[in-house]
Amino acid sequence: YDVIVLHGRIELRLLQKLSFLRKKYVYDVDDYWYCTPDRNFYNEWKVKEHAYWIESAIQEAAIVTCTSDILAHYIKKHTKVTAYVLPNAIAEHDPQFTPVETKSDRLRFGFIGGSSHMMDIPIVGNAVTKLYYNYPEYRDKWQIVFGGFDTLAIALSQNGVRQSFKQKNLPSVNIEKWLTNDYSILDIDYVCELKKYSGSSVATDKQYRRIWTTNVHEYGKMFNEVDIVLAPLVDNTFNRCKSNLKIVEAGWMGKEVIASDLGTFKDGKTEDDIMLCDSEEEWLGAMLSDIENFIATGHPIRSNLKDLVHEHYNVKNFAVKRFELYKTLI
(Lines give C-alpha, C1' and ligand atoms only; values in the text may rest on other atoms or scores of the structure.)
Protein backbone atom coordinates (compact mmCIF):
# COMPACT_ATOMS: atom_id res chain seq x y z
CA TYR A 1 0.00 0.00 0.00
CA ASP A 2 1.13 3.56 -0.73
CA VAL A 3 -0.99 5.24 1.92
CA ILE A 4 -2.42 3.69 5.08
CA VAL A 5 -5.30 5.52 6.76
CA LEU A 6 -6.48 4.64 10.25
CA HIS A 7 -9.77 5.85 11.69
CA GLY A 8 -11.37 5.72 15.13
CA ARG A 9 -10.22 3.14 17.64
CA ILE A 10 -6.81 1.58 17.07
CA GLU A 11 -5.38 -1.57 18.63
CA LEU A 12 -1.87 -1.58 20.02
CA ARG A 13 -0.84 -4.57 17.87
CA LEU A 14 -1.67 -2.59 14.72
CA LEU A 15 0.53 0.32 15.78
CA GLN A 16 3.32 -2.13 16.63
CA LYS A 17 2.96 -3.80 13.21
CA LEU A 18 3.17 -0.50 11.36
CA SER A 19 6.19 0.53 13.42
CA PHE A 20 7.93 -2.79 12.71
CA LEU A 21 7.28 -2.38 8.97
CA ARG A 22 8.34 1.28 9.15
CA LYS A 23 5.08 2.28 7.53
CA LYS A 24 3.81 5.83 7.88
CA TYR A 25 0.11 6.33 8.37
CA VAL A 26 -2.60 8.95 8.32
CA TYR A 27 -4.79 9.04 11.41
CA ASP A 28 -8.31 10.41 11.01
CA VAL A 29 -9.79 11.50 14.35
CA ASP A 30 -13.56 12.04 14.41
CA ASP A 31 -14.38 12.26 18.14
CA TYR A 32 -12.92 13.75 21.30
CA TRP A 33 -11.33 10.91 23.27
CA TYR A 34 -12.47 12.02 26.73
CA CYS A 35 -16.21 11.49 27.19
CA THR A 36 -18.67 12.30 29.96
CA PRO A 37 -19.59 9.56 32.50
CA ASP A 38 -23.15 9.26 31.14
CA ARG A 39 -21.93 7.70 27.89
CA ASN A 40 -22.39 3.93 27.56
CA PHE A 41 -18.76 3.54 26.52
CA TYR A 42 -17.30 5.62 29.39
CA ASN A 43 -16.13 2.61 31.43
CA GLU A 44 -14.88 0.80 28.33
CA TRP A 45 -12.74 3.75 27.33
CA LYS A 46 -11.41 4.04 30.87
CA VAL A 47 -10.58 0.34 31.25
CA LYS A 48 -8.93 0.13 27.83
CA GLU A 49 -6.99 3.39 28.31
CA HIS A 50 -8.66 4.74 25.21
CA ALA A 51 -7.36 8.30 25.63
CA TYR A 52 -3.75 7.14 26.00
CA TRP A 53 -3.82 5.08 22.82
CA ILE A 54 -5.60 7.76 20.81
CA GLU A 55 -3.04 10.38 21.81
CA SER A 56 -0.20 7.93 21.13
CA ALA A 57 -1.58 7.22 17.65
CA ILE A 58 -1.92 10.95 16.97
CA GLN A 59 1.66 11.62 17.99
CA GLU A 60 3.04 8.72 15.93
CA ALA A 61 1.04 9.55 12.79
CA ALA A 62 2.67 11.17 9.78
CA ILE A 63 -0.52 13.13 9.15
CA VAL A 64 -3.54 13.74 11.37
CA THR A 65 -6.92 14.77 9.99
CA CYS A 66 -10.17 15.67 11.71
CA THR A 67 -13.56 17.14 10.80
CA SER A 68 -13.79 20.43 12.69
CA ASP A 69 -11.75 23.39 13.89
CA ILE A 70 -12.88 22.77 17.47
CA LEU A 71 -11.59 19.20 17.46
CA ALA A 72 -8.35 20.35 15.82
CA HIS A 73 -7.92 22.79 18.71
CA TYR A 74 -8.14 20.00 21.28
CA ILE A 75 -5.81 17.74 19.28
CA LYS A 76 -3.25 20.55 19.38
CA LYS A 77 -3.92 21.22 23.07
CA HIS A 78 -3.37 17.62 24.19
CA THR A 79 -0.69 16.40 21.78
CA LYS A 80 0.97 19.52 20.25
CA VAL A 81 0.10 18.03 16.83
CA THR A 82 -1.49 20.21 14.14
CA ALA A 83 -4.37 18.42 12.44
CA TYR A 84 -5.67 19.11 8.95
CA VAL A 85 -9.41 19.88 8.94
CA LEU A 86 -11.35 18.02 6.25
CA PRO A 87 -15.10 18.32 6.98
CA ASN A 88 -17.55 15.48 6.54
CA ALA A 89 -19.20 15.57 3.14
CA ILE A 90 -21.53 13.49 0.98
CA ALA A 91 -21.06 12.02 -2.49
CA GLU A 92 -23.58 13.02 -5.13
CA HIS A 93 -24.56 9.49 -6.11
CA ASP A 94 -24.48 7.74 -2.74
CA PRO A 95 -27.65 5.58 -2.92
CA GLN A 96 -28.58 6.04 0.72
CA PHE A 97 -28.39 9.83 0.40
CA THR A 98 -30.56 10.01 -2.70
CA PRO A 99 -33.83 11.65 -1.56
CA VAL A 100 -37.05 9.70 -2.05
CA GLU A 101 -40.22 11.64 -1.30
CA THR A 102 -42.60 10.08 1.22
CA LYS A 103 -46.04 11.44 2.00
CA SER A 104 -47.61 12.19 5.37
CA ASP A 105 -50.60 14.18 6.57
CA ARG A 106 -48.51 15.16 9.60
CA LEU A 107 -45.43 17.32 9.91
CA ARG A 108 -42.74 14.83 10.96
CA PHE A 109 -40.09 15.92 13.49
CA GLY A 110 -37.34 13.32 13.47
CA PHE A 111 -34.51 12.44 15.83
CA ILE A 112 -32.18 10.16 13.88
CA GLY A 113 -29.32 8.94 15.99
CA GLY A 114 -27.84 6.22 18.13
CA SER A 115 -28.37 5.30 21.76
CA SER A 116 -25.28 7.28 22.82
CA HIS A 117 -27.45 10.40 22.59
CA MET A 118 -29.65 9.40 25.53
CA MET A 119 -28.61 12.38 27.67
CA ASP A 120 -29.08 14.82 24.79
CA ILE A 121 -32.79 14.02 24.40
CA PRO A 122 -34.55 15.38 27.56
CA ILE A 123 -34.71 18.98 26.32
CA VAL A 124 -36.55 17.81 23.19
CA GLY A 125 -38.74 15.42 25.18
CA ASN A 126 -39.87 18.21 27.48
CA ALA A 127 -40.68 20.43 24.49
CA VAL A 128 -42.71 17.61 22.89
CA THR A 129 -44.65 17.11 26.13
CA LYS A 130 -45.52 20.82 26.30
CA LEU A 131 -46.49 20.78 22.63
CA TYR A 132 -48.85 17.85 23.17
CA TYR A 133 -50.55 19.03 26.35
CA ASN A 134 -50.53 22.81 25.86
CA TYR A 135 -51.62 22.78 22.22
CA PRO A 136 -54.16 19.94 21.88
CA GLU A 137 -55.62 21.53 18.75
CA TYR A 138 -52.40 20.66 16.87
CA ARG A 139 -52.13 17.00 17.87
CA ASP A 140 -53.26 15.65 14.53
CA LYS A 141 -50.85 17.94 12.67
CA TRP A 142 -47.48 16.62 13.84
CA GLN A 143 -45.54 13.45 14.56
CA ILE A 144 -42.34 12.69 16.43
CA VAL A 145 -40.08 10.07 14.78
CA PHE A 146 -37.19 8.21 16.38
CA GLY A 147 -34.91 6.68 13.76
CA GLY A 148 -32.23 4.36 15.09
CA PHE A 149 -34.05 2.38 17.81
CA ASP A 150 -32.21 -0.77 18.92
CA THR A 151 -32.17 -3.25 21.80
CA LEU A 152 -28.60 -4.55 21.51
CA ALA A 153 -26.77 -2.13 23.81
CA ILE A 154 -23.83 -3.50 25.82
CA ALA A 155 -21.65 -1.67 28.32
CA LEU A 156 -18.71 -2.44 30.59
CA SER A 157 -18.80 -2.20 34.36
CA GLN A 158 -16.17 -0.16 36.20
CA ASN A 159 -14.21 -3.42 36.52
CA GLY A 160 -14.30 -4.03 32.78
CA VAL A 161 -16.94 -6.77 32.86
CA ARG A 162 -19.40 -6.84 29.95
CA GLN A 163 -22.97 -6.30 31.07
CA SER A 164 -26.24 -6.05 29.22
CA PHE A 165 -29.10 -3.69 30.06
CA LYS A 166 -32.45 -4.66 31.47
CA GLN A 167 -35.06 -3.96 28.83
CA LYS A 168 -36.52 -1.00 30.72
CA ASN A 169 -33.04 0.56 31.01
CA LEU A 170 -32.02 0.24 27.38
CA PRO A 171 -30.80 3.61 26.07
CA SER A 172 -33.17 3.48 23.07
CA VAL A 173 -36.10 2.69 25.36
CA ASN A 174 -35.23 5.68 27.52
CA ILE A 175 -34.99 7.92 24.45
CA GLU A 176 -38.42 6.67 23.37
CA LYS A 177 -39.83 7.38 26.82
CA TRP A 178 -38.51 10.94 26.71
CA LEU A 179 -39.96 11.55 23.25
CA THR A 180 -43.40 10.27 24.30
CA ASN A 181 -43.56 11.50 27.92
CA ASP A 182 -43.27 7.90 29.11
CA TYR A 183 -45.73 6.80 26.39
CA SER A 184 -48.49 9.04 27.81
CA ILE A 185 -49.09 10.80 24.47
CA LEU A 186 -50.01 7.45 22.85
CA ASP A 187 -53.06 5.19 23.08
CA ILE A 188 -52.78 2.04 25.17
CA ASP A 189 -53.03 -0.44 22.30
CA TYR A 190 -50.20 1.24 20.42
CA VAL A 191 -48.03 1.33 23.54
CA CYS A 192 -48.55 -2.42 23.96
CA GLU A 193 -47.47 -2.95 20.36
CA LEU A 194 -44.34 -0.83 20.85
CA LYS A 195 -43.39 -2.65 24.05
CA LYS A 196 -43.20 -5.98 22.23
CA TYR A 197 -39.89 -4.72 20.80
CA SER A 198 -40.35 -7.28 18.05
CA GLY A 199 -38.51 -5.40 15.32
CA SER A 200 -41.57 -5.49 13.10
CA SER A 201 -42.87 -2.34 11.45
CA VAL A 202 -45.20 -0.16 13.50
CA ALA A 203 -47.84 2.39 12.56
CA THR A 204 -46.74 5.37 10.49
CA ASP A 205 -49.67 7.67 11.25
CA LYS A 206 -49.56 7.86 15.06
CA GLN A 207 -48.29 10.72 17.25
CA TYR A 208 -45.01 8.85 17.53
CA ARG A 209 -43.24 6.54 15.12
CA ARG A 210 -40.33 4.20 15.78
CA ILE A 211 -37.87 3.28 13.04
CA TRP A 212 -35.48 0.48 13.91
CA THR A 213 -31.74 0.88 13.43
CA THR A 214 -30.20 -0.28 10.19
CA ASN A 215 -26.74 -0.87 8.76
CA VAL A 216 -24.41 1.98 7.84
CA HIS A 217 -25.19 1.61 4.14
CA GLU A 218 -28.93 2.11 4.68
CA TYR A 219 -28.87 4.66 7.51
CA GLY A 220 -29.34 7.72 5.29
CA LYS A 221 -32.66 6.45 3.99
CA MET A 222 -34.27 7.21 7.36
CA PHE A 223 -34.13 10.90 6.50
CA ASN A 224 -36.78 10.23 3.85
CA GLU A 225 -39.27 9.54 6.65
CA VAL A 226 -39.03 12.96 8.33
CA ASP A 227 -39.53 16.59 7.39
CA ILE A 228 -37.55 18.36 10.13
CA VAL A 229 -34.47 16.88 11.78
CA LEU A 230 -33.94 17.45 15.51
CA ALA A 231 -30.28 17.70 16.57
CA PRO A 232 -30.05 18.19 20.35
CA LEU A 233 -26.69 18.14 22.10
CA VAL A 234 -25.83 18.85 25.74
CA ASP A 235 -23.19 21.55 26.00
CA ASN A 236 -19.92 19.81 26.89
CA THR A 237 -16.50 19.42 25.32
CA PHE A 238 -17.23 15.97 23.89
CA ASN A 239 -20.27 17.28 22.00
CA ARG A 240 -18.63 20.52 20.93
CA CYS A 241 -15.89 18.47 19.27
CA LYS A 242 -18.40 16.63 17.11
CA SER A 243 -18.75 17.62 13.48
CA ASN A 244 -21.88 19.16 11.97
CA LEU A 245 -22.57 15.89 10.14
CA LYS A 246 -26.24 15.82 11.16
CA ILE A 247 -26.75 19.21 9.51
CA VAL A 248 -24.96 18.01 6.38
CA GLU A 249 -27.02 14.81 6.18
CA ALA A 250 -30.32 16.58 6.77
CA GLY A 251 -29.60 19.44 4.39
CA TRP A 252 -28.38 17.11 1.67
CA MET A 253 -31.69 15.25 1.89
CA GLY A 254 -33.67 18.49 1.69
CA LYS A 255 -34.76 18.54 5.33
CA GLU A 256 -34.94 21.49 7.70
CA VAL A 257 -33.16 21.39 11.07
CA ILE A 258 -33.75 22.45 14.66
CA ALA A 259 -30.53 22.11 16.67
CA SER A 260 -28.89 23.03 19.94
CA ASP A 261 -27.13 26.39 19.92
CA LEU A 262 -23.55 25.07 20.07
CA GLY A 263 -20.35 25.81 18.23
CA THR A 264 -20.68 22.28 16.81
CA PHE A 265 -23.27 23.57 14.36
CA LYS A 266 -21.76 26.98 13.63
CA ASP A 267 -19.72 26.56 10.49
CA GLY A 268 -20.05 30.07 9.07
CA LYS A 269 -21.93 28.66 6.08
CA THR A 270 -25.20 27.02 7.11
CA GLU A 271 -25.92 28.25 10.65
CA ASP A 272 -28.24 31.07 9.54
CA ASP A 273 -30.48 28.50 7.85
CA ILE A 274 -31.09 26.23 10.83
CA MET A 275 -33.10 27.01 13.97
CA LEU A 276 -30.70 27.13 16.94
CA CYS A 277 -32.22 26.68 20.40
CA ASP A 278 -30.96 27.13 23.96
CA SER A 279 -34.00 26.25 26.09
CA GLU A 280 -37.12 24.06 26.13
CA GLU A 281 -39.19 27.13 25.32
CA GLU A 282 -37.05 27.86 22.27
CA TRP A 283 -37.37 24.25 21.08
CA LEU A 284 -41.12 24.44 21.60
CA GLY A 285 -41.30 27.78 19.79
CA ALA A 286 -39.35 26.44 16.82
CA MET A 287 -41.63 23.41 16.54
CA LEU A 288 -44.75 25.57 16.83
CA SER A 289 -43.51 27.90 14.08
CA ASP A 290 -43.02 24.97 11.74
CA ILE A 291 -46.40 23.44 12.63
CA GLU A 292 -48.27 26.68 12.04
CA ASN A 293 -46.46 27.20 8.74
CA PHE A 294 -47.31 23.60 7.82
CA ILE A 295 -51.00 24.23 8.55
CA ALA A 296 -50.94 27.40 6.44
CA THR A 297 -48.81 26.23 3.52
CA GLY A 298 -48.52 22.44 3.65
CA HIS A 299 -44.78 22.42 4.37
CA PRO A 300 -42.33 23.52 7.11
CA ILE A 301 -40.60 26.89 7.02
CA ARG A 302 -38.28 26.79 4.02
CA SER A 303 -34.61 27.78 4.24
CA ASN A 304 -31.64 27.67 1.89
CA LEU A 305 -30.05 24.78 3.79
CA LYS A 306 -30.27 22.24 0.97
CA ASP A 307 -28.56 24.54 -1.53
CA LEU A 308 -25.88 25.55 0.97
CA VAL A 309 -25.06 21.96 1.92
CA HIS A 310 -24.85 20.86 -1.71
CA GLU A 311 -22.55 23.80 -2.39
CA HIS A 312 -20.21 23.48 0.57
CA TYR A 313 -20.37 19.81 1.61
CA ASN A 314 -20.10 17.90 -1.66
CA VAL A 315 -17.34 15.33 -1.23
CA LYS A 316 -15.75 16.66 -4.44
CA ASN A 317 -14.87 19.83 -2.50
CA PHE A 318 -12.42 17.88 -0.33
CA ALA A 319 -11.36 14.87 -2.41
CA VAL A 320 -8.57 16.75 -4.22
CA LYS A 321 -7.36 18.32 -0.95
CA ARG A 322 -7.26 14.88 0.66
CA PHE A 323 -5.45 13.42 -2.34
CA GLU A 324 -2.81 16.15 -2.35
CA LEU A 325 -2.33 15.69 1.39
CA TYR A 326 -1.91 11.93 1.10
CA LYS A 327 0.56 12.30 -1.78
CA THR A 328 3.00 14.08 0.52
CA LEU A 329 3.64 10.66 2.15
CA ILE A 330 4.73 9.00 -1.08
Side-chain angles (χ1 to χ4, degrees), residues 1-35 39-42 44-97 114 116 154 156 160 213-220 237-246 248-249 252 264 267 312-330:
Y1 297 96
D2 296 308
V3 177
I4 296 170
V5 183
L6 307 181
H7 172 84
R9 303 185 191 190
I10 300 176
E11 295 183 359
L12 172 60
R13 61 180 181 176
L14 177 56
L15 295 179
Q16 291 173 331
K17 183 74 170 179
L18 292 176
S19 177
F20 175 76
L21 295 173
R22 296 182 180 179
K23 287 286 187 179
K24 297 179 180 180
Y25 64 88
V26 179
Y27 186 31
D28 182 56
V29 185
D30 72 338
D31 264 324
Y32 190 47
W33 47 94
Y34 293 101
C35 69
R39 301 277 169 174
N40 295 338
F41 42 80
Y42 175 77
E44 179 185 356
W45 282 15
K46 188 174 181 180
V47 169
K48 295 187 176 182
E49 298 182 299
H50 179 73
Y52 172 78
W53 292 116
I54 294 293
E55 291 181 9
S56 297
I58 289 171
Q59 291 167 332
E60 294 296 324
I63 293 173
V64 176
T65 61
C66 68
T67 55
S68 77
D69 292 330
I70 297 175
L71 183 53
H73 163 77
Y74 281 96
I75 290 173
K76 183 77 170 181
K77 177 181 177 179
H78 288 288
T79 68
K80 312 303 181 188
V81 172
T82 299
Y84 293 86
V85 178
L86 295 169
N88 281 314
I90 294 177
E92 289 180 357
H93 304 295
D94 187 337
Q96 67 172 314
F97 286 104
S116 65
I154 297 290
L156 293 188
T213 192
T214 185
N215 66 66
V216 294
H217 302 294
E218 300 288 327
Y219 154 83
T237 304
F238 185 80
N239 283 339
R240 288 193 296 275
C241 285
K242 286 181 172 292
S243 78
N244 65 334
L245 179 58
K246 196 67 64 183
V248 173
E249 293 168 336
W252 190 273
T264 311
D267 61 353
H312 295 290
Y313 293 100
N314 189 313
V315 75
K316 290 180 180 179
N317 295 7
F318 309 106
V320 173
K321 293 179 182 179
R322 190 180 299 275
F323 179 52
E324 294 299 326
L325 183 61
Y326 288 0
K327 282 199 300 183
T328 64
L329 295 184
I330 300 174

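Bear in mind the structure is a predicted one, so any value in this text is a computation, not a measurement.
- Interatomic distance, Cys66 SG to Asp28 CG, rounded to the nearest 0.5 Å: 8.0 Å.
- Within the structure, ring pair (Phe, Tyr, Trp, His ring centres under 6.0 Å) pairs that include any residue of residues 71-90 comprise Tyr32-Tyr74, Tyr32-His78, Trp33-His78, Tyr34-His78 (at least two apart or interchain).
- A donor-acceptor pair under 3.5 Å is absent between the side-chain atoms of Tyr313 and the main chain of Pro87, judged by distance alone.
- A side-chain donor-acceptor contact under 3.5 Å links Asn317 to the backbone of His312.
- Side chain of Glu249 to backbone of Phe97: no donor-acceptor contact under 3.5 angstrom is found.
- Shortest non-hydrogen contact noted between Ala57 and Tyr25 is O-OH, 2.8 Å.
- What you find for Ser116 and Phe41 is that their closest heavy atoms are CB-CE2, 4.0 Å.
- Exactly one of Ile58, Leu15, Leu18, Ile54 qualifies for a side chain to side chain contact (heavy atoms under 4.5 Å, CB included) with Ile10. That residue is Leu15.
- At least one donor-acceptor pair closer than 3.5 Å links the side chain of Tyr27 to the backbone N or O of Gly8.
- Here salt bridge (Lys or Arg N to Asp or Glu O under 4.0 Å) pairs that include residues 55-76, with residues two or more places apart or in two chains, number zero.
- Between Ile90 atom CD1 and Gln96 atom CD the span is 8.0 Å, to the nearest 0.5 Å.
- Residues Ala91 and Val315 share a closest heavy-atom pair of CA-CG1, 3.6 Å.
- Closest heavy-atom contact between Ile4 and Tyr1: CG1-CB, 4.2 Å.
- Checking side-chain atoms of Thr264 against main-chain N and O of Asn239 turns up a donor-acceptor pair under 3.5 Å.
- Sequence neighbours left out, the pairs with a member in residues 6-26 that pass salt bridge (Lys or Arg N to Asp or Glu O under 4.0 Å) are Arg9-Glu44, Glu11-Arg13.
- Every residue two or more places apart in sequence or in another chain that forms a salt bridge (Lys or Arg N to Asp or Glu O under 4.0 Å) with Glu218 is listed here: Lys221.
- With a 4.5 Å cut-off on side-chain heavy atoms, Phe238 and Asp31 count as touching.
- For the pair Leu71 and Cys241, the tightest heavy-atom approach, listed with the atom from each and the gap, is CB-O, 3.7 Å.
- Among pairs with a residue in residues 320-330, those fulfilling salt bridge (Lys or Arg N to Asp or Glu O under 4.0 Å) read Glu324-Lys327, at least two apart in sequence or across chains.
- Atom CD1 of Ile70 sits about 10.0 Å away from atom CG of Asn244, to the nearest 0.5 Å.
- From Leu86, atom CG reaches atom CG of Asp30 across 13.0 Å, with rounding to the nearest 0.5 Å.
- Evaluation of the side chain to side chain contact (heavy atoms under 4.5 Å, CB included) rule for Asn88 yields Thr67, Ser243, Leu245 as partners, not counting sequence neighbours.
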key: side-chain contact (heavy atoms from CB on, under 4.5 Å) between Glu92 and Trp252, intermediate numbers included   = CA-CA 9 Å; Glu92 289 180 357; Trp252 190 273; 4.2 Å; yes
